[in-house]
Enquirer: 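Got a structure here, written out as structure tokens. Questions coming.
Fair warning: this is a prediction, and the values are worked out from it, not measured in the lab.
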Amino acid sequence: MSSVPADSSRRSAIALTAAVGGAGGLAVAVPFVASFQPSEKAKAAGAPVEVDVGGMLPGELKRVEWRGKPVWVLRRTPEMIESLKKTDEQVADPKSDRKEYPTPAYAKNQVRSIKPEYLVVVGICSHLGCSPSDKFTPGAQPSLPDDWGGGFLCPCHGSTFDLAGRVFKNKPAPDNLEVPPHMYLSDTRLIIGEDKQA
């Protein structure tokens with residue numbers, strides 16, 4: 001009879017030891033597995049960034065960061081897309097042929113994008129690295145021409161860009177806004193920093 005409590009206490013001790021050991025193993029494993037995720041520093045250094053464009057309204061601009069740079073995703077309205085036909089002759093590099101900021105083949109078109117509805121550009125002026133402001137409202141405005149069709153204005157030195165990020169002629173900026181590598185994972189998910197499937 002006295003051996004029953006000994007077996008019972010031994011089983012309890014083994015179970016308790018196993019539970020504590022399992023908890024300890026889990027406590028060690030979680031940070032170890034988490035260390036496989038890219039750090040914030042690694043993300044800033046170039047890890048791809050996913051963007052959900054599903055809830056964006058026409059005319060809305062979403063800003064994200066990739067490689068320490070601001071990247072703009074603009075959901076263009078049909079009117080914004082149509083305006084690009086008018087600015088074609090007014091921009092310095094309508095076909096994005098200049099090599100300083102090579103444009104990916106899938107964006108070497110009038111809308112400079114994979115899907116005409118979405119523009120994806122790095123929001124840094126090619127002149128001195130300032131960040132342009134969005135000026136989507138057409139018409140005369142301070143620092144803009146009377147026939148302004150909408151686009152971007154760099155307030156530092158007055159460079160203007162159309163709604164495809166193409167720089168207008170006779171402006172300080174030598175090149176169009178950069179189109180980063182990107183691709184669509186689905187109709188509503190965009191990844192910036194990879195373009196393997198594009």
Enquirer: Measure the spacing between CZ of R112 and CZ of R166 and express it to the nearest 0.5 Å.
Expert: 8.0 Å
Enquirer: Side chain to side chain contact (heavy atoms under 4.5 Å, CB included) for V51 and R189? Distances and angles first, verdict last.
Expert: CA-CA 6 Å; V51 182; R189 299 295 295 173; over 6 Å; no
Enquirer: In a check of side-chain contact (heavy atoms from CB on, under 4.5 Å) between L84 and each of V111, V91, N109, which one passes?
Expert: V111
Enquirer: Show the numbers, then the answer: is there a side chain to side chain contact (heavy atoms under 4.5 Å, CB included) between V53 and K62?
Expert: CA-CA 8 Å; V53 297; K62 186 176 271 195; 5.7 Å; no
Enquirer: What pair of heavy atoms forms the shortest contact from G193 to W66, and how long is it?
Expert: CA-NE1, 3.6 Å
Enquirer: Grab the two heavy atoms, one from C125 and one from P132, that are nearest each other, plus how far apart they are.
Expert: N-CD, 3.8 Å
Enquirer: So, for V73 and M56, which heavy atoms are closest and what is the spacing to 0.1 Å?
Expert: O-CE, 3.2 Å
Enquirer: Just checking, K115 and Y184: is the charged tip under 6.0 Å from the six-membered ring centre and within 45° of the axis?
Expert: yes
Enquirer: List in chain and number order the residues that pass salt bridge (charged side-chain N to carboxylate O under 4.0 Å, His left out) with K108, two or more places apart in sequence or in another chain; answer none if no residue qualifies.
Expert: D97
Enquirer: Taking 4.0 angstrom as the limit, do D134 and R63 come out as a salt bridge?
Expert: yes
Enquirer: What do you reckon, is CG of D187 surrounded by more than 12 foreign heavy atoms closer than 6.0 Å?
Expert: no
Enquirer: For G150 and L163, work out which heavy atoms get closest and say how close.
Expert: O-CG, 3.6 Å
Enquirer: With distance as the sole criterion, is a donor-acceptor pair present between the side chains of R98 and T103 under 3.5 Å?
Expert: no
Enquirer: Please walk me through it: do F168 and T87 pass side chain to side chain contact (heavy atoms under 4.5 Å, CB included)?
Expert: CA-CA 8 Å; F168 282 89; T87 58; 3.8 Å; yes
Enquirer: Measure the CG-CZ distance between L177 and F152 for me, rounded to the nearest 0.5 Å.
Expert: 7.0 Å
Enquirer: Taking NZ, NE, NH1 and NH2 as the nitrogens, is one of them in K86 or D162 under 4.0 Å from a carboxylate oxygen of the other?
Expert: no
Enquirer: For E60, check salt bridge (charged side-chain N to carboxylate O under 4.0 Å, His left out) against everything at least two apart and list the hits.
Expert: none
